[in-house]
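Remarks on the structure that follows.
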Amino acid sequence: MAAYAGAGRARFDEGKEQEMTAARLSQARAVRFDRYGGREVLYVADIEMPSPGPGEVVVEVRAAGINPGEAGIRVGAMHEMFPATFPSGEGSDLAGVVTAVGADVTEFSVGDEVLGFSFRRSSHATHTAVPVDQLIRKPPQLRWEVAGALYVVGATAYAAVRAVAPQPGETVAVSAAAGGVGSLVVQLLVLRKSRVLGIAGPGNADWLRAHNVIPIAYGDGLADRLREAAPDGIDAFIDLFGPDYVQLAVDLGVQPQRIDTIISFQKAGEVGAKTEGSVDASTREVLNEMTDLIVSGAIDFEIAATYPLDRVADAFEELEKRHTRGKIVLLPNNSE
């Protein structure tokens, strides 16, 4: 009788475990916020496992970069341009493994490793559905955290450099030159044989010099330091920090059509500067080109820190200090 009871208990426990496993497989986890606010509004919720629609695949997210624009959306600073619908998810960058494919999808299969982007604010999650035209295959030699953080900064840097049309031998100044976007911008400019003035803090001077960039310390007297470094003038200016730099570029005699800012939209409108960024280069062709440059070693891509999904607020705290060189990345399917 005891043996029978024990066997029954074992079957019950096995059945319960199978039920729990099935429940886990039917759920995903995702970052959410229900109102505009600081990092305290962020939380991780259990959500229904995404299913692929036409032309989509579901990706188990191995890595997802975080970006200043996401913080701006969350606090409401970008409400006019990018309003949030609550509860809101977040995240654009992603890399992971395909776990399900839509009925009409032929270019990816379950198990494929991919990287790309989401326009649905959905990549800060364990799983997300993504249109196939926003994904490329991940090269096996590309680390997950690099692949998952490439889209926003890569597309932004590509668009900003293209906007100012640098020519060999021209002098181009870049603000926030050692940040996530800036570190790619200056390297792309060097590849185009520009003479690059990288505006950054003194702690980044050695990194800039090592990448053939002339370091220029920000702060009081910046205009004089730029004039001294470029006595024949500055041909183009890429602003990655704020409106004061757009005005500085104008004051230094840079033509408005050779100034691009990814952040100072109002100031750009006032002076006639460009505002080309990630949206202008959100294509698989650009993503493939940037990926090839990293895999080949033509440009460096640094990862500053990684965090599990549950520590998303800590990740944004580090980002918002604005002194990080390289990318901060969430690892949604990892835990500490």
Side-chain angles (χ1 to χ4, degrees), residues 28-34 36-45 47 59-78 81-82 84 87-96 115-128 130 134 138 142-157 176 178-185 240-241 262-263 277-279 282 287 290 294 301-336:
R29 303 179 73 231
V31 175
R32 291 284 185 265
F33 59 99
D34 298 330
Y36 290 133
R39 296 183 299 273
E40 72 280 356
V41 304
L42 295 172
Y43 64 96
V44 179
I47 62 170
V59 178
E60 179 189 272
V61 181
R62 298 291 178 85
I66 68 171
N67 297 284
E70 290 148 6
I73 289 171
R74 186 237 305 149
V75 301
M78 305 177 75
M81 295 179 63
F82 304 111
S88 177
E90 66 172 21
S92 300
D93 298 330
L94 65 96
L115 67 99
F117 52 96
S118 168
F119 289 139
R120 300 171 181 169
R121 302 179 189 172
S122 65
S123 71
H124 294 174
T126 58
H127 300 76
T128 185
V130 187
Q134 294 168 207
K138 184 185 85 67
L142 196 65
R143 291 159 46 207
W144 281 114
E145 52 267 43
V146 171
L150 179 57
Y151 158 64
V152 168
V153 291
T156 303
V181 176
S183 60
L184 295 185
V185 165
L240 309 173
F241 192 85
I262 68 167
I263 192 169
S278 64
V279 174
S282 292
L287 195 55
M290 294 300 296
I294 292 169
F301 189 97
E302 296 194 27
I303 301 299
T306 61
Y307 289 84
L309 198 66
D310 289 335
R311 292 187 58 200
V312 60
D314 294 334
F316 274 101
E317 181 180 13
E318 182 167 351
L319 176 78
E320 291 165 21
K321 293 175 182 177
R322 302 192 76 171
H323 292 293
T324 301
R325 185 172 68 239
K327 288 290 293 182
I328 299 171
V329 186
L330 296 176
L331 305 178
N333 282 283
N334 285 18
S335 60
E336 288 187 345

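Just so you know, these numbers come straight off a predicted model, no measurement behind them.
The main-chain N or O of R29 is found under 3.5 Å from a side-chain atom of T126 such that the two form a donor-acceptor pair. A donor-acceptor distance shorter than 3.5 angstrom exists from the side chain of Y36 to the backbone of A84, with no hydrogens or angles considered. A donor-acceptor pair is defined here as one N or O able to donate and one able to accept, closer than 3.5 Å; no such pair exists between the side chain of H124 and the backbone of S92.
Residues R121 and S88 have side chains in contact (heavy-atom distance under 4.5 Å, counting atoms from C-beta outward). Using a 4.5 Å cut-off on side-chain heavy atoms (C-beta onward), N67 and T156 make no contact. Taking the side chain as every heavy atom from C-beta outward, E90 and F316 approach each other to under 4.5 Å. Side-chain contact between M290 and F301 is absent, with no heavy-atom pair separated by less than 4.5 Å. Side-chain contact between N333 and E60 is present, with heavy atoms from C-beta onward closer than 4.5 Å. Taking 4.5 Å as the limit, every side-chain heavy atom of W144 sits out of range of all side-chain heavy atoms of V329. The closest side-chain heavy-atom distance from K327 to D93 is below 4.5 Å.
Taking both residues in full, the closest heavy atoms of S123 and G91 are given as OG-C, 2.9 Å, listed atom of the first, atom of the second, then distance. Closest of all the heavy-atom pairs between A71 and E320 is CB-OE2, 3.6 Å. Between P87 and D34, the shortest heavy-atom contact is CB-OD1, 3.2 Å. Nearest heavy atom pair, residue A157 against residue L184, reads CB-CB, 3.7 Å. Closest of all the heavy-atom pairs between P332 and A125 is CB-O, 3.2 Å. For S118 against Q134, the heavy-atom pair with the smallest separation is CA-NE2, 3.7 Å.
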Hey, mind stepping through L142 and L115 against side-chain contact (heavy atoms from CB on, under 4.5 Å) and telling me if it holds?
-> CA-CA 10 Å; L142 196 65; L115 67 99; 3.8 Å; yes
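By the side chain to side chain contact (heavy atoms under 4.5 Å, CB included) test, S282 is found to be paired with F117, F119, Y151, residues two or more places apart in sequence or in another chain being considered.
Atom OH of Y307 and atom CG of L330 lie 10.0 Å apart (nearest 0.5 Å). Here CD1 of I328 is found 10.0 Å from CD of E317. Values are rounded to the nearest 0.5 Å. Distance CZ/R62 to NZ/K138: 9.5 Å, rounded to 0.5 Å. Here the CE-CD1 distance, from M78 to I73, works out to 5.5 Å after rounding to the nearest 0.5 Å.
Residue pairs meeting the salt bridge (Lys or Arg N to Asp or Glu O under 4.0 Å) criterion with at least one partner in residues 142-154, sequence neighbours excluded, are R143-E145.
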